[in-house]
Amino acid sequence: MHLLLVDGSGYIFRAFHALPPLSRKSDGLPVGCVQGFCNMLFKLTQDLEGDEAPTHMAVIFDAKGKTFRDDIYDQYKAQRPPPPEELVPQFPLTRAATRAFSIPAIEMEGWEADDIMATYACLARDRGFKVTIASSDKDLMQMVEPDGSIRLLDTIPRPGQPPLRWIGAEEVFARFGVTPDKVIDVQALCGDSVDNVPGVPGIGVKTAAELINAYGDLETLLARAEEIRQPARRQRLIEHAELARISKRLVTLERQVPVTLDLDALAREPISPASLFPFLKAMEFNTITRRLATLLEADPDLFEADPALRAGGDAPLAGVPQKSTSLSVAKAKLAANVVPGTGPARHAAEEHARVKAIPVDHGAYEIVTTPDRLAACIARIVDKGRVAIDTETTGLDPQQADLVGICLSTEIGEGCYIPVGHAKPGDLLGGDGLVEGQLPVREVLEALRPVLEDPSILKIGQNVKYDMEVLFRYGIVMTPADDTMLISYALDGPRYNGLDILAEHWLSHKTFTFAELAGTGKAQKSFDQLEIAAAARYGAEDADITLRLWHVLKPRLAAENATTLYETLERPLAPVLARMEARGITVDRQILARLSGDFAQRAAAFEAEAHALAGESFNLGSPKQLGDILFGKMGLEGGTKTKTGAWSTGADVLEDLALKGVPLARTVVDWRQLTKLKGTYTDALPTYINPRTGRVHTSYSQASVLTGRLSSNDPNLQNIPVRTEDGRKIRSAFIAPPGKVLVSADYSQIELRVLAHIADIQALKDAFEEGLDIHAMTASEMFKVPIEGMPSEVRRRAKAINFGIIYGISAFGLANQLGIARSEAGDYIKTYFERFPGIRDYMDAQKTRVKADGFVTTIFGRKVQFPNANSGNPSERAFVERASINAPIQGSAADIIRRAMIRMEPELHKAGVEADMLLQVHDELIFEVPEGTEDRAIPVIRKVMEGAAEPAVRLTVPIRVDAHAARNWDEAH
DNA sequence: GCAAGGACGTA
DNA sequence: GTACGTCCTTGCA
């Protein structure tokens, strides 16, 4: 048996003096000592292995308040200053840390930690334990046993010495010149200036040891003081005998402290992830969390930050559940000790007020044109450890635009603009025609590279994905990065995107607009055509504003419990998307050109036919003109609809007319389809082929969809046709380059599975578990028909209902979709609810929630806000109800694929599989893999996608992914 | 030259 | 019935 006693208070002070201060990121709570304490504690348990591994363990702390020593000598420790202010809140946190490691934390009022340790040491020794006291305090040396049953362990790192230094009788002798049992006699004579133990003036350790060794012990020495030869020494001993006796009582440790915790209660317990990770997460100790997660083979994502301790904690600290009441002798008065007024919400509000009050001064910005000034700027960044950055480029396409300038800001109100690519007026070709006085772009980037790639320097940007991609083309991998746009998105959804809107809303500051500088429309200048001075004001302001917004928004993450969302679903996705965008996808120009010709011909034929049928020539592309002809001239019946009072000529209306025998309607529908495909795809897509890469690079917007989905633009590759035969021809123009194939992997019925999980619909879950055709199963349940030989119309209706459920079904909408009477649709819905009653409960719950809270959430904690949930407008309210039903389903599915995307690249790498992720289409991922390796890539891809929710959420339905490889997207899909 | 509306492509 | 982006026409500046 081996008892390890840790001098907790000693550890805290050591951490305080040895480590630089550290504040919790999200609210500034000082936590440096807590972190140091955790590291030391963990290292200690790691270092003591094998024979030295303790079977019992406790961390002992000094309690606040007086001890018996204060009664003996009122000057005891009197000169000791009160603990530094930033240390105070960390005292209770170190107790909590100890318990988080499943170790008893012990303190007792009226006793010092040393007394408690002495008591336990004796108790344990008497029961045959080996005892180790982890402390460097010389006061504990009196406890050392010559037989090695009690030893001290000094773990303070000292250069040139082993990390663990055992202190036995020999070491004690080296220190005090006596055996351990005489240490208190020596201390009684020599005193201790640190603790204000007086001792006998003029007697140091050496003299004291010599005297004790000569006379045996203090009392004998004092009794025979007259015999001492040296007059001064003799005189002092006689004169200060009482002081020596008092000193001895002060330094003698009490070995009979009435401890309430039995030795058996100190038996080691394995570290419990359930108590450890909530604490570490609350402290935001990411490095330790990762290290321990690896060591414990546990997944920290399974645990939420301890609500009582985290920034923005919603429970009073006093409410921290004690790990085990029998173990908690320590009554850490947590609540009382956390500095009042450091609540994250208050911190966030204070930061907002502080930052908002600092005026924007465009005169304070510097234009950097010399290596010296650039070096000074970089030095400030290194010193600060973070920088707001904004790159200015010749255009908006990150795959084509060239760098014109770089804006940096390290302090609010400051900003540097480094022009590198401003062109001489009139010289539209750039190249040699650069304005003089600018530093060469290569030189600037090489100087900045160490900063931009330094993992310890945070780069802050607004939409950093853009800057990452631009810089990547110049060979720079910018990391790590924080993104004010994504922070805002995690907090408020897509409501405030754009730096200008954010600045206006949070800082009440109107930024320069690019249009103000560069004009608008055709005459708009590109950035490189701007005057450097004007560009500097605009650009440096953007960096300055970005930094301000970061100061305002970042603390809100903790205050509003959005940190996990931001850190796990937003922040890590941006670089993944940047790489996907940079890769692009190959599109076969020839295929599209041929299709364009084909579509044009056929459309022209339809157009002629339509004009003939209408009896006049008109613009087929004008719904207005078409409506006039159909419902005016031809006098057909049809709903006026559309909120502006115009004739409605949507496809469903025309389809209806066609069935009623209006050939023009059919012709228009066909014409529209062809011209749509031609205009949006076959004509437009080739113009997006990047001349440098020969590929099409979409741009994903990570922060513009209410539910957490991505959107794709310029071009939108998330709406490439698939439903019609002509449409699929377009899809087949998306190809793999020679030697590669495309792999398409898509989630099967992800939203219905998510619904089954969230709403807890057992029948649906069973069906998915058994791999049934879910729509057929629904039909069978609803209409009481066997799945075998089911008419396709029956299944089609059930399918429409299933989708309707996801969209927040209404009888009106379902009737429209199925072309049946509203009453019949209502009956279907009623039947569905009767058959799956959990669905109705789920829907009611979302409606109630959105009205009460103004938001609903996904299973990963993403909030989807509906500010007008209680609108006075009934149709608006109904809309919010439907959207609030859909949002958790669509949003949870979106979160799942996000998680898959974030994990995909490292997992592929780990598996040694080469596969480039190119596109995401909501429930589908497209990869490019070397031909012949698809059978190795697909299992990895599937595994990552199917397991993406875990371990944060354990879904109660299986997730299935279908994946295929082919030379083009149509065949792979 | 720009914004709004209608229509239609996707999940 | 949910969530998007793009193309085209229209109407106003």
Side-chain angles (χ1 to χ4, degrees), chain A residues 493-494 515 519-524 618-627 641-654 668-669 671-685 688 698-701 704-724 726-728 730-731 746-747 749-752 755 800-818 822 825 829 843 846 856 864 866 875 878-891 893-894 897 919-924 973:
Chain A
T520 149
K522 234 180 145 182
Q524 187 170 57
F618 68 103
N619 187 347
L620 258 185
S622 166
K624 189 173 178 291
Q625 293 180 31
L626 177 66
K641 296 302 179 262
T642 78
K643 48 195 171 222
T644 54
W647 295 114
S648 180
T649 67
D652 48 346
V653 176
L654 296 183
V668 172
V669 168
W671 178 88
R672 276 188 183 165
Q673 195 201 3
L674 282 171
T675 52
K676 173 77 174 181
L677 294 181
K678 183 173 184 291
T680 308
Y681 304 104
T682 59
D683 286 351
L685 275 175
Y688 284 100
T698 184
S699 172
Y700 287 102
S701 172
S704 60
V705 181
L706 205 60
T707 56
R709 275 187 175 183
L710 302 178
S711 74
S712 157
N713 55 57
D714 302 310
N716 182 354
L717 295 187
Q718 289 182 321
N719 70 346
I720 300 304
V722 72
R723 287 175 196 179
T724 65
D726 282 329
R728 282 194 296 276
I730 291 166
R731 195 165 269 236
D746 69 295
Y747 283 106
Q749 308 285 6
I750 181 86
E751 295 194 346
L752 270 180
L755 170 70
I801 295 167
N802 276 333
F803 276 99
I805 296 294
I806 291 171
Y807 298 151
I809 202 159
S810 77
F812 180 83
L814 182 63
N816 254 341
Q817 174 72 24
L818 287 176
R822 184 120 56 111
I829 295 169
M843 292 184 159
Q846 300 310 312
V856 290
V864 181
F866 294 97
S875 72
F879 176 80
V880 168
E881 286 182 358
R882 293 192 297 273
S884 73
I885 288 163
N886 172 259
I889 302 168
Q890 187 186 115
I897 197 167
L919 302 179
Q920 188 251 39
V921 190
H922 307 309
D923 65 356
E924 175 188 15
H973 184 68

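Values reported hereafter were calculated over all heavy atoms of this structure, with side chains retained and with hydrogens, waters and symmetry mates removed. Each chain gets a letter, A, B and so on, in the order the sequences are listed, and its residues count up from 1.
Across all strands shown, A:L814 has heavy atoms under 4.0 Å from base atoms, whether or not it also approaches the sugar-phosphate. Among the atoms of the strands shown, only primed sugar atoms or phosphate atoms (P, OP1, OP2) are found under 4.0 Å from some heavy atom of A:S704. Within the 4.0 angstrom heavy-atom criterion, no nucleotide atom of any strand lies near A:A894. No engagement by A:D746 is indicated, since no non-hydrogen atom pair under 4.0 Å with the nucleic acid exists. Looking at heavy-atom distances under 4.0 Å, A:S810 makes contact with a base. Base contact: A:G804 has a heavy atom under 4.0 Å from a base atom. Counting non-hydrogen atoms under 4.0 angstrom, A:A800 reaches a base of the nucleic acid.
Every residue was checked against the salt bridge (charged side-chain N to carboxylate O under 4.0 Å, His left out) condition with A:E924, not counting sequence neighbours, and none meets it. With sequence neighbours excluded, the residues forming a salt bridge (charged side-chain N to carboxylate O under 4.0 Å, His left out) with A:D683 are A:K678, listed by chain and number.
The backbone N or O of A:R672 lies less than 3.5 Å from a partner atom in the side chain of A:T675, making a donor-acceptor pair.
Looking at residues 879-888 of chain A, you'll see A:F879, A:R882, A:A883, A:N886 sit with a heavy atom under 4.0 Å from some atom of DNA chain C.
The closest side-chain heavy-atom distance from A:F866 to A:L706 is below 4.5 Å.
With a heavy-atom cut-off of 4.0 Å to chain A, the contacted part of DNA chain C has its first and last nucleotide at C:dG1 to C:dG11.
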Expected string for nucleotides 4-11 of chain B under the B/S/- scheme (protein heavy atoms, under 4.0 Å, primed atoms plus P, OP1, OP2 as sugar-phosphate) is -SSBBBBB
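Listed here is the closest heavy atom pair of A:Q846 and A:P888: OE1-CG, 3.6 Å. Between A:L677 and A:G727, the shortest heavy-atom contact is CD1-N, 3.9 Å. Nearest approach of A:I801 to A:I809, heavy atoms of both residues: O-CD1, 4.1 Å. For A:S701 against A:N713, the heavy-atom pair with the smallest separation is CB-ND2, 4.3 Å. Taking every heavy atom of both residues into account, A:Q625 and A:F618 meet most closely at OE1-CB, 3.5 Å. In plain terms, the two heavy atoms of A:I889 and A:E751 that are nearest each other are CG2-O, 3.4 Å.
For residues 800-818 of chain A, no pair satisfies salt bridge (Lys or Arg N to Asp or Glu O under 4.0 Å), with sequence neighbours left out.
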